[in-house]
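Values in this document were obtained by computation on a predicted structure and should not be read as measured data. Sequence lines set the chain letters: A, B, ... in the order given, protein chains first and strands last, and positions in each chain run from 1.
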Amino acid sequence: MADIALVRAVNTPDDTPGSEPRGYWNTVGDRLMHDRVTLGVSAVLLLIICLAVFAPWAATHDPLQGSVIRRLKPVGTPGFFLGTDETGRDIWSRLVYGGRLSLFCGIAPVVLATMIGGMLGLLAGIGGRLLNNLIMRVVDVFYAFPSVLLAIAICGVIGAGIGNTILSLTIVFIAPIVRVTESLTTQVKTRDFVEAARASAAPLLAIIRHQILPNVLGGILVYATSLVSISIILSAGLSFLGLGVTPPNPEWGLMLNALRQSIFVNPLVAALPGVAIVITSLCFNLLSDGLRSAMDIKLPS
Amino acid sequence: MIDRTRSAGSDPDRGGPAQPLLLVRDLKKHFPGRGRWLGRREMVQAVDGVSFSLAKGTALGVVGESGCGKSTTARLLVRLIKPDDGEVIFDGDAVGAPQGLTIRELRLQMQMVFQDSYSSLNPRATIADIIAFGPRTAKHLRPLHARERAERLLEQVGLRPSFFARRYPHELSGGQRQRVNIARALALEPRLLILDEAVSALDKSVEAQILNLLADLRRDLDLSYIFISHDLNVVRHVSDRVVVMYLGRIVEAGSVGEIFRRARHPYTQALLRAMPSMDPDCRTAAPPLIGDPPNPINPPSGCRFRTRCAFAEEVCARVSPRLDPIDNQHEVACHMAVPGSGHSCSVGSPDADD
Amino acid sequence: MIEPSAVDVTDLTVRFRLRDRTVHAVNGIRFRLERGEVLGILGESGSGKSVTLRAVMRLLPANCEIGGQIFVCGEDVNGASAQRLEDLRGGRIAMIFQEPITALDPVFTIGEQIAETIVRHEGVSRREGRRRALELLERVQIPSARRRLDSYPHEMSGGMRQRAMIALALCCNPSVLLADEPTTALDVTVQIQILLLLRELQRELGMAVIFVTHDVGAAVEVSDRLAVMYAGRFVETGSARDVMRKRAHPYTEGLLAANLHSAEPGRRLMTIPGAPPDLAALPPGCSFAPRCSRALPGCSERVPNLEPCGEGHVARCIRIRERLAVPT
């Protein structure tokens, strides 16, 4: 309904010079600035990431140094303000150092999967029926497995360790990213401006780079961000099961497993790594939501 | 800067003024419809044997309602869709044939202007980028030169480059976006523009501005147009010749004067009578046609219009009428116009009135 | 007792409050429509015509402020409770839209939708509802009506869907029918059928109809009276004949001159320079003045009042009298 178009675009050719062009990303940035939830969540994430990156300065003790005397001290113990774990190591320091591994194992697979899956999805979207079917049916096979099971199965086969965790999670995430990318690409491909680009005898690569890719990236970004929140939980889960990071490395999932036995002795301390996982994952999830709202601009026609 | 596209097939005006710029013969495109598991797939006969010619420097109007195949024909011409049959000859060179034009060469000479919809322009690109995209990628112009060309074109279509070059499509009004569409089509310096419902989505006052612009450009740049529209008034204003389509076929073709004043095909006559009256004292009393345009899947046998035609007879179901010339470059596909066709109203039959 | 007008609107204003600006979509509309009359509101996009229509049925989003008074058959629409509004909509006031596919529920058959509406508003049995649905489909001239009762919207062609939507709108004998560009998306041969059908039904049922469109021809075919709308105001109202013949307001003149119907093929078309104003930043005084060839400095000072230029014919322009030499 152009009549209810609430924003009247530039009117005459000689209109108000000086007003800045509002590109898409500018507008998205504007909207994000006004979204308090997203801003808050981003601040929290920034804090968590900073703590992880600057762990040597943020931590109060050596995360690997334990002491039998100091086992399972409660929250608020002077010097160990979040308590100690079952071998006497400072929880706060382990959380902070653990953040590095947990975040890394959360984000890296998504980044890798986005690069690989994005390319496959683009190919599937742009290629003909044959190529599309080939790629999408293989993806369907992977999709048939629940992601947790698939991750466990792969890790079970190739073994534990950080590298294997990242590999297995990457494989798990490629399938959904291919699906999303293919769907977005197919939608964009049929729009008039892409047809117009084809009709101007432009080479395919130029069309992909200038017309299709910029319109698809936004959606992928939103989806990838939501995947990070899942990835953090999955990698923690793998470590919890002993299939991921190996001890004595500090990692939140691993810490949860180790502190499991101590839950009757000091429940608060035992829950702390879980709290860290939940908060981080939730923040990424909300960030993804916020991005999606900001990017869903019903631009006036 | 070498223009690498200069090859034998792209000299302007090879054949001279008498050679038609575009010659279309028997163009066909059938789409597979929703197939059933067993049994034959139904075919949507979108374009079923369309032939016409376009003289240099003229404008051809293509008129018809939904399902008539005019948009499909446009896309077949620029080869966005591959035709099933038929040939297209551009200034004497057959498209796709070994000695003729490649599709790329064709596209450099024939461009399309789309209907203004929000999705006709890349929302993530600036106006200048949109216009410069073709020259930069297809003609390998350097970015600076492409940008200069884009700004020159903006000027030509009436948009101030200093203001509009850096804008994004969502900041423009419908009329302005359409000017950008036109500028983009002109960026590759084509000889023929196909305008597919180019003004249909615009308000009437804006439509008038754009039509004036198109007339100016045609004169200044020596262009030829194929103007596709469902709006008879627009077609009458813009075209030199008109072609009327129904369910994938051409039913009548002629000069704009002939079609609008001496239409012979019952469908054309109905289309003309269906335009709403502008005089409140002289309103339309009855609709000239009842029912909706039928489905292109499984069209009626013989003459496709016969199911809605007041003059349909037995011969119309048996035999498909050919597009036959009657006089003065006026062609009609109707048994009534052809002597000896077997229709009671045709000349030469004993019951003919006139 | 004098029967109240079918629709009585006074000083209607509608403002949309956005984050950084306010859009003045409708700026003081006043009209009265009697039963059996058809008012055509003619305007381009951005004129506020659709918003006006939706305001009569209070179908506007929550972030807008409606000022003025709207009475339908004597009832105050603006002040009505949500429950009362629901009764009115469909029962007293009905609306048909440009895209029937959005107004019709895709998961129910046409027959079910019509029958359900009748049952909801009049409390009759399902069987009776279905019988009346069949009657309605026949009345709107849908061929094979009995079979179409069990068709889904997506199985029907555009013209038939539009007829089905009209049947749905008329099922409870509304007093007022609001039509928002119902024929704009239709082919020309179908459009004329729908226009004539609307006229016929309107005469038969004695409804008051408000027909909003940007197509002059469509407006002329169905309307008794015409109102030309620009930037949220009526700039000219009168009988269809008067408005089309006299074209008192410069905008009407420009609009009709730009119309291709009367244009000479091959000659340059008359155009109105520029574009409609930004509804969030209306110019002071007459909103058309920046584009008007007859504008005087005084035009931009105050919004002109509606000046009479004939029997029941008014136009919002201070230069009317001198142009038409109407004796004051």
Exercise. B/Leu121 versus chain A, heavy atoms under 4.5 Å apart: side chain, backbone, both or neither?
Worked result: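 The backbone, not the side chain.
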Exercise. Can you name the residues of residues 169-193 of chain A that have some heavy atom under 4.5 Å away from a heavy atom in chain B?
Worked result: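 So the qualifying residues are A/Arg191, A/Asp192, A/Phe193.
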For this session: Anything in residues 108-134 of chain A with a heavy-atom distance to chain B below 4.5 Å? Please list those residues in order.
Result: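 Heavy-atom contacts from residues 108-134 of chain A to chain B are absent.
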Nearest heavy-atom neighbours spanning [X] and [Y]:
| X | Y | answer |
| --- | --- | --- |
| B/Arg107 | A/Arg198 | NH1-O, 2.9 Å |
| A/Ala201 | B/Ala138 | O-CB, 3.4 Å |
| A/Ala199 | B/Leu80 | N-CD2, 4.0 Å |

Exercise. Which distance, rounded to the nearest 0.5 Å, do you find between the OG of A/Ser200 and the CZ of B/Arg104?
Worked result: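 Atom-to-atom, A/Ser200:OG and B/Arg104:CZ are 11.0 Å apart.
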[X] atom [atom1], over 12 foreign heavy atoms within 6.0 Å:
| X | atom1 | result |
| --- | --- | --- |
| B/Phe31 | CZ | yes |
| A/Arg36 | CZ | no |
| A/Phe142 | CZ | no |

Exercise. B/Arg124 side chain to A/Ile212 main-chain N or O, any donor-acceptor pair under 3.5 Å?
Worked result: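 Judged by distance alone, no pair lies under 3.5 Å.
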Problem set entry | Backbone of B/Asn122 reached by a side-chain donor or acceptor of A/Gln211 within 3.5 Å |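 It does not hold such a pair.
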Exercise. Going through the distances and angles, do A/Glu195 and B/Arg75 end up as a side-chain contact (heavy atoms from CB on, under 4.5 Å)?
Worked result: CA-CA 10 Å; A/Glu195 282 216 310; B/Arg75 279 163 173 73; 3.1 Å; yes
